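All remarks here apply to the structure that follows.
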Amino acid sequence: DLHKEYRRQRQMCIRDRNSTKHSGVFFVELDSGDHTFFIRYKKDRKLIEERAGRKSQGWTAAKANRLRTERLAGKSESNVEKRAREKVQKESVGNRWTFQKIFNEYLASRPDLKGRANDVRRFKSYLEKIFAHKTPEEVTHFDINKLKEDLHKKKLKPATIRHALEILNRTANFATKRGLCAGISFVVEMPKVNNIKTEDLTPEELNRLIKVLDEEHDIQASNMVRMALYTGMRRGELFSLKWSDVNFRRKTITIRDPKGGLDETIPLNKMAEEVLKEHPDTASEFVFPGEGGQLRKKTPRSLNRIKLKAQLPEDFRMLHGLRHVYASTLASSGKVDLYTLQKLLTHKSPLMTQRYAHLRDEALMEASNVISDIVKPETNIIELDELKSGKGA
C-alpha cells in the first residue's frame, strides 16, 4: 500500500509539479488547496527526489531550498539514507548479545534448571532495568555499584544482592563459554554474607508443630513437612521425589541430581517410612505432585497456615528451617559424628556441615560431665582424720 501511494505521488509530481524561483525546489498543489514542497538534487551521482513538507505545516520554497542546501553539504541525511541507517542499526542491535538475549538463551538451554522461577524473578526485579540492553563487555564498575546502591536502598539483605550478582556473572560466563560474546572485563566483588545461620525450634515449638500436623487436612502439605523434619531433605528434593526413588525393601531414598552433584542415597528411617506408607497415591509418579500431577513448582500455601497455627518464629523458613532442625537434633544428640551427618545431609563439602560442630561439642561436653555426677567434688569429702577426731569428741 505504501509503495502504491509513493508511485501515485510520484506520478502526480511529474504531472502537476510547479517550479519555484529556487533551483531544484518545486511544489504540487493538492485538491485541498494545500501545497507540498519537494526538493531534487544529485548525491554520489544519484538523482534524489525528496518530499520536504506541506505549506500548512510551515514549509515554504525558501525553507525547502535550505533543506536542499543541507543535503548537498552532507549536513543532514535524506529520508532514504535515514531509513537505511536505521535498518543497519536495527540489524546491529539484533546481533548484539545483550544480557536479556543471553539470559533467554541460557534458560532455553536449561529447561530443567533448579530455581528457574527464582532466577527469572530476580533478573526481572533486580537486573533488567540496568543490564537488559547491555552486553557483558559494556558493563562498568559504575553499573555494578549502582545496582548495589539501588538494592541497598530497597533494604534488601546482602544475600539477596549476592544472588542478583551471581545471576549476572552466571549469564556472562554462559555467553563466554558458548562463544557468543566477551564477558565482563573485571571481577565483580560480591557482598560478604553471613551464611552460617542455623534455624532451630525449641521442644515446645516442635511439639506444637507435630500437633498441628496431626490436625492438618492438607495431607500433601503435612507429610511434606514431616519428611523435611524426618529426613532433612531439601525443598527441591522433596518436590522432585518420585515413588520409584523410594525403596521400601532396602530402606533407602535416592535423591536425584541433588544440589551440586551426582545422585545420592540416604536411609529411609522408620518415621519417614511410616509417612510414605500412609501417604495417598495420586496416580502421579511424584510423591508430592504439583498441578496436573506434574513436577511441583511452588510450596503449598498450607505451609503458612501450619506455621501460624504452630506459632513458629516469624523468620522461620518451613522446609529449609526443618532441614536445620533435623541436622541440629542429630548433632546435639552426641550420637552422630560430623562425617555421618555430612552424608545424611548430602553436603559436598564438610565445611557446610561444620556449622553444626558446636552442637556436637556441647553434647560431648555434657557426656563428659557425667563423671561429676558419679564422683563427688573434693570439697565435699570429709578427711578421715577429721572424721576420727569427731567421733572421739
Side-chain angles (χ1 to χ4, degrees), residues 105-120 122 159 162-163 166-167 169-178 190 193 195-196 198 223-224 226-273 275-276 279 284-290 294-299 317 319-331 336-357 360:
E105 184 72 16
Y106 173 71
L107 292 178
S109 70
R110 300 284 301 278
D112 299 325
L113 176 69
K114 291 184 177 180
R116 181 189 186 91
N118 283 333
D119 281 357
V120 171
R122 286 166 181 155
R162 187 183 183 92
H163 283 314
E166 285 174 346
I167 292 175
N169 265 339
R170 199 187 324 148
T171 305
N173 291 339
F174 170 81
T176 304
K177 289 178 181 178
R178 290 294 180 94
M190 296 290 181
V193 178
N195 196 32
I196 60 171
T198 302
N223 281 349
M224 188 184 297
R226 287 190 177 96
M227 286 297 291
L229 177 60
Y230 299 157
T231 67
M233 290 176 67
R234 298 180 179 89
R235 172 180 178 271
E237 294 167 354
L238 290 169
F239 286 5
S240 59
L241 181 64
K242 297 180 179 179
W243 287 110
S244 58
D245 297 328
V246 182
N247 192 320
F248 289 101
R249 184 174 62 84
R250 294 187 177 182
K251 312 292 186 188
T252 60
I253 296 176
T254 300
I255 300 177
R256 305 293 178 186
D257 190 27
K259 183 178 181 182
L262 303 174
D263 293 355
E264 297 275 3
T265 300
I266 61 173
L268 175 62
N269 57 48
K270 292 181 180 179
M271 298 181 76
E273 182 180 7
V275 171
L276 294 179
H279 191 66
S284 170
E285 62 177 331
F286 295 101
V287 178
F288 303 106
Q294 300 302 308
L295 174 67
R296 179 177 287 276
K297 300 293 185 181
K298 300 178 181 179
T299 53
R317 297 170 292 175
L319 298 181
H320 192 75
L322 289 172
R323 174 174 166 82
H324 283 306
V325 172
Y326 169 83
S328 298
T329 302
L330 296 186
V336 181
D337 60 80
L338 293 182
Y339 176 78
T340 302
L341 186 59
Q342 178 188 342
K343 294 301 179 183
L344 290 172
L345 295 173
T346 65
H347 282 160
K348 302 307 168 189
S349 167
L351 295 177
M352 293 298 294
T353 320
Q354 197 64 31
R355 69 176 66 184
Y356 304 105
R360 178 168 170 76

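The structure displayed is predicted, hence computed values, not measured ones.
Trp243 and Leu276 get closest at one heavy-atom pair: CH2-O, 3.7 Å. Of all non-hydrogen atoms in Met190 and Arg162, the two that sit nearest each other are CB-NH1, 3.1 Å. Scanning all heavy atoms of the two residues, the minimum distance from Arg178 to Ser109 falls at NH2-CB, 3.7 Å. For the pair His163 and Arg122, the tightest heavy-atom approach, listed with the atom from each and the gap, is CD2-NH2, 3.6 Å. Residues Thr231 and Ala272 come closest through the heavy atom pair CG2-CB, 3.7 Å. Phe286 and Lys242 make their closest contact through CE2-CE, 3.7 Å (heavy atoms, listed as atom of the first residue, atom of the second, distance).
Lys297 is not listed as a side-chain neighbour of Phe239, based on a closest heavy-atom distance of 4.5 Å or more. Within the 4.5 Å cutoff, no side-chain heavy atoms of Thr254 are placed close to those of Ser244. Looking at heavy atoms from C-beta onward, Arg170 lies in side-chain contact with Asp119 at the 4.5 angstrom threshold. A heavy-atom distance below 4.5 Å is not found between the side chains of Met227 and Met224. Counting heavy atoms from C-beta on, the side chains of Pro267 and Thr252 never come closer than 4.5 Å.
Interatomic distance, OG1 of Thr299 versus CZ of Phe288, reported as 13.5 Å (0.5 Å rounding). To the nearest 0.5 angstrom, Ser240 atom OG is 8.5 Å from Ile255 atom CD1. Met233 contributes atom CE, which lies 4.5 Å from atom CG of Leu238 (distance to the nearest 0.5 angstrom).
Each of Val325, Leu338, Asp337, Leu341 was compared with Leu330 under the side chain to side chain contact (heavy atoms under 4.5 Å, CB included) criterion, and only Leu341 meets it.
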Practice task
Show the numbers, then the answer: is there a side-chain contact (heavy atoms from CB on, under 4.5 Å) between Leu268 and Ile253?
Solution key: CA-CA 6 Å; Leu268 175 62; Ile253 296 176; 3.8 Å; yes
Exercise for the section: List the steps and the verdict of side-chain contact (heavy atoms from CB on, under 4.5 Å) for Glu273 and Lys251. Expected result: CA-CA 8 Å; Glu273 182 180 7; Lys251 312 292 186 188; 2.7 Å; yes
Practice task
Show the numbers, then the answer: is there a salt bridge (Lys or Arg N to Asp or Glu O under 4.0 Å) between Glu105 and Arg110?
Solution key: CA-CA 9 Å; Glu105 184 72 16; Arg110 300 284 301 278; over 6 Å; no
Exercise for the section: For side-chain contact (heavy atoms from CB on, under 4.5 Å), just list the numbers for Arg234 and Thr346, CA-CA rounded to whole Å, side-chain angles, deciding distance to a tenth of an Å, and then say yes or no. Expected result: CA-CA 10 Å; Arg234 298 180 179 89; Thr346 65; 2.9 Å; yes
Handout entry: Lys343 and Ile266: CA distance, side-chain angles, deciding distance, side-chain contact (heavy atoms from CB on, under 4.5 Å) verdict
Key = CA-CA 8 Å; Lys343 294 301 179 183; Ile266 61 173; over 6 Å; no
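Judged by distance alone, with hydrogens and angles left aside, the side-chain atoms of Arg296 form a donor-acceptor pair with the main-chain N or O of Pro289 at under 3.5 Å. Proximity of a side-chain donor or acceptor of Arg323 to a complementary backbone N or O of Leu345 within less than 3.5 Å is detected. In this structure, Thr340 contributes its side chain and Val336 its backbone to no donor-acceptor pair below 3.5 Å. Side chain of Asn173 to main chain of Asn169: a donor-acceptor pair is present (N/O by atom type, distance under 3.5 Å, no hydrogens or angles). His279 places no side-chain N or O within donor-acceptor distance of the main-chain N or O of Asn223, the cut-off being under 3.5 Å.
By the neighbour-count criterion of 12 heavy atoms within 6.0 Å, atom CZ of Phe248 is densely surrounded, having more than that number from other residues, nucleotides or ligands.
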